[in-house]
Amino acid sequence: MNELFSVKDNVVVITGGTGVLGACIGEYLALQGAKVVLMGRRKDEGDRIVEQIKAKGGEACFLVTDVMNPEVVQANCDEIMSRYGRVDALLNAAGGNMPGATIAPDKTFFDVDVAQFEKVLNLNLTGTVIPTQIFLKPMVEAGKGSIVNFSSMAAFRPMTRVMGYAAAKAGISNFTAFMANEVATKFTSNIRVNAIAPGFFLTNQNRALLTNEDGSLTQRGQDVIRQTPFKRFGKPEELCGTIQYLISDAASFVTGTVAVVDGGFNSFAM
């Protein structure tokens with residue numbers, strides 16, 4: 001059997017593990033034989049997801065975390081190392097947005113709440129930097145590993161409304177390229193740093209922005225579908241293959257890249 005794409009027995013840590021995308025990816029990887037550690041703020045939801053994974057035969061656990069608190073993340077890492085002795089992959093899926101960091105159609109730049117803008121930057125960008133700094137250490141000690149950050153379509157285009165979120169995601173793409181070089185040149189080329197940029201997937205964070213209560217599309221949702229050649233939103237499970245590729249040996253010569261999974265959105269042209 002070809003093991004090129006195998007993630008069997010890999011210890012995979014996923015921040016934002018209770019989100020729609022993080023949970024789906026976690027379950028998929030666990031059913032492929034990985035030992036999955038979901039990390040997030042909602043313990044009840046995390047425990048529910050873990051029980052669901054275990055009921056299907058996968059191995060998973062949940063740890064409460066705060067990706068903006070280095071002490072908490074370090075304690076998470078210590079617990080994982082105590083349990084498994086290593087970390088093979090880190091998926092930085094934690095993130096989010098806040099109303100004050102967006103500009104609604106009836107608002108202008110002057111209405112942006114700078115405090116909320118800063119919080120969005122911290123949650124998405126600093127909340128990627130801190131786990132990377134902490135979980136990179138055991139990878140460096142082991143001489144191998146893979147990190148996958150979560151960028152966005154908003155990193156490629158200056159989309160209306162989501163000013164804070166877009167700035168943070170653009171930073172994540174840049175940080176990914178920076179770290180790919182930093183890690184390979186100062187530590188080892190056996191540690192790779194990449195990112196994935198999902199197109200538009202319905203999640204708890206954007207559902208009300210893209211769809212109405214009756215399931216029909218909002219104007220924003222219509223604009224997205226109009227610019228998506230596939231003419232639909234992505235399904236969470238459609239990210240799983242790209243993630244598996246990026247953390248497996250199949251991507252052993254791939255680092256510093258942003259893998260786009262968007263149904264063609266980023267290549268749309270009038």
Side-chain angles (χ1 to χ4, degrees), residues 2-40 46 49-50 52-53 56 58-62 67 80 84 86-95 124 127-128 131-132 135-136 139 144-153 155 169 172-173 175-177 179-180 183 190-203 205 230 233-263 265-266:
N2 191 328
E3 299 293 327
L4 188 61
F5 291 88
S6 176
V7 294
K8 183 174 174 56
D9 294 327
N10 283 11
V11 178
V12 181
V13 177
I14 305 176
T15 70
T18 57
V20 171
L21 303 184
C24 178
I25 292 166
E27 178 177 307
Y28 171 82
L29 293 175
L31 297 183
Q32 297 301 307
K35 304 176 192 300
V36 173
V37 182
L38 298 174
M39 293 171 45
I49 295 168
V50 165
Q52 179 176 295
I53 291 172
K56 295 181 180 180
E59 180 175 346
C61 66
F62 176 77
V67 293
I80 293 167
Y84 294 114
R86 69 183 195 280
V87 174
D88 297 300
L90 168 67
L91 309 184
N92 282 309
N124 291 278
T128 292
T132 297
F135 284 101
L136 177 62
M139 293 183 186
K144 62 178 181 177
S146 177
I147 296 172
V148 179
N149 300 321
F150 274 59
S151 184
S152 166
M153 290 297 100
K169 291 300 187 179
I172 287 173
S173 292
F175 172 68
T176 297
M179 285 302 296
V183 170
N190 290 324
I191 299 175
R192 298 172 295 102
V193 185
N194 292 290
I196 188 170
F200 287 84
F201 294 72
L202 288 180
T203 67
Q205 294 177 2
F230 276 20
F233 297 121
K235 302 172 185 176
E237 58 269 25
E238 291 178 308
L239 294 174
C240 295
T242 301
I243 291 288
Q244 181 172 355
Y245 161 68
L246 288 174
I247 67 175
S248 73
D249 288 343
S252 60
F253 199 55
V254 179
T255 197
T257 192
V258 179
V260 174
V261 185
D262 69 345
F265 180 88
N266 200 45

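Both backbone and side-chain heavy atoms feed into the values below; hydrogens, waters and symmetry mates do not.
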Item to complete: I would like to know whether Thr18 and Leu38 meet side-chain contact (heavy atoms from CB on, under 4.5 Å); could you show each step before the answer?
Response: CA-CA 7 Å; Thr18 57; Leu38 298 174; over 6 Å; no
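- Listed by first then second residue, pairs satisfying salt bridge (charged side-chain N to carboxylate O under 4.0 Å, His left out) with a partner in residues 239-260 number zero, not counting sequence neighbours.
- Atom-to-atom distance recorded for Cys61:SG and Ile49:CD1 is 12.5 Å, nearest 0.5 angstrom.
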Discussion item. For a side-chain contact (heavy atoms from CB on, under 4.5 Å) check, start with the C-alpha distance between Thr128 and Phe150, then their side-chain angles and the critical distance, and finish with the verdict.
Written reply: CA-CA 9 Å; Thr128 292; Phe150 274 59; over 6 Å; no
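- Scanning all heavy atoms of the two residues, the minimum distance from Thr242 to Ala259 falls at CG2-CB, 3.8 Å.
- Looking at heavy atoms from C-beta onward, Ile196 lies out of side-chain contact with Val258 at the 4.5 angstrom threshold.
- For the pair Phe175/Thr132, a side-chain contact is recorded, criterion being any heavy-atom separation below 4.5 Å from C-beta on.
- Here the side chain of Asn190 pairs no donor or acceptor atom with the backbone of Gly145 at under 3.5 angstrom.
- Note: Phe200 CZ to Phe265 CZ = 4.5 Å, rounded to the nearest 0.5 Å.
- For the pair Ile172 and Asn124, the tightest heavy-atom approach, listed with the atom from each and the gap, is CD1-O, 3.3 Å.
- Across every non-hydrogen atom of Ala155 and Ser151, the tightest pair is CB-OG, 3.3 Å.
- Of the possible polar contacts, none joining the Lys35 side chain to the Lys8 backbone as a donor-acceptor pair under 3.5 Å is found.
- Not a single donor-acceptor pair under 3.5 Å links the side chain of Arg192 to the backbone N or O of Val148.
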Worksheet item: Does the side-chain contact (heavy atoms from CB on, under 4.5 Å) test come out yes or no for Val87 and Val12, once each step is laid out?
Response: CA-CA 6 Å; Val87 174; Val12 181; over 6 Å; no
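- Side chain of Asn10 to main chain of Asp88: no donor-acceptor pair is present (N/O by atom type, distance under 3.5 Å, no hydrogens or angles).
- In terms of modelled atom types and a separation under 3.5 Å, the side chain of Ser248 and the main chain of Ala250 share a donor-acceptor contact.
- Under the 3.5 Å distance criterion, with hydrogens and angles disregarded, a donor-acceptor pair is assigned to the side chains of Thr176 and Asn149.
- Checking side-chain atoms of Glu27 against main-chain N and O of Cys24 turns up no donor-acceptor pair under 3.5 Å.
- The two residues Ala60 and Val50 make their nearest non-hydrogen contact at O-CG1, 3.5 Å.
- Taking OG1 from Thr203 and CG from Leu21, the interatomic distance works out to 6.5 Å, rounded to the nearest 0.5 Å.
- Once rounded to the nearest 0.5 Å, the distance linking CG of Asn194 with CE of Met179 reads 12.0 Å.
- Residues Met153 and Val260 meet the side-chain proximity criterion, which asks for heavy atoms closer than 4.5 Å.
- Closest of all the heavy-atom pairs between Val20 and Pro236 is CG1-CG, 3.8 Å.
- The side-chain contact (heavy atoms from CB on, under 4.5 Å) test with Phe135 is passed by exactly one of Ile147, Asn92, Ile80: Ile80.
- The distance from atom CD of Gln244 to atom OH of Tyr28, rounded to the nearest 0.5 Å, is 3.5 Å.
- A distance-only check finds no donor-acceptor pair linking the side chain of Asp262 to the backbone of Pro198 [under 3.5 Å].
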Discussion item. One pair to check against side-chain contact (heavy atoms from CB on, under 4.5 Å): Leu91 and Val13. What are the steps and the verdict?
Written reply: CA-CA 6 Å; Leu91 309 184; Val13 177; over 6 Å; no
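- Side-chain contact between Ile25 and Val36 is absent, with no heavy-atom pair separated by less than 4.5 Å.
- No donor-acceptor pair closer than 3.5 Å links the side chain of Thr255 to the backbone N or O of Ile191.
- Here the CG atom belonging to Leu246 is positioned 10.5 Å from the CZ atom belonging to Phe5, to the nearest 0.5 angstrom.
- Residues Thr15 and Ala94 come closest through the heavy atom pair OG1-N, 3.2 Å.
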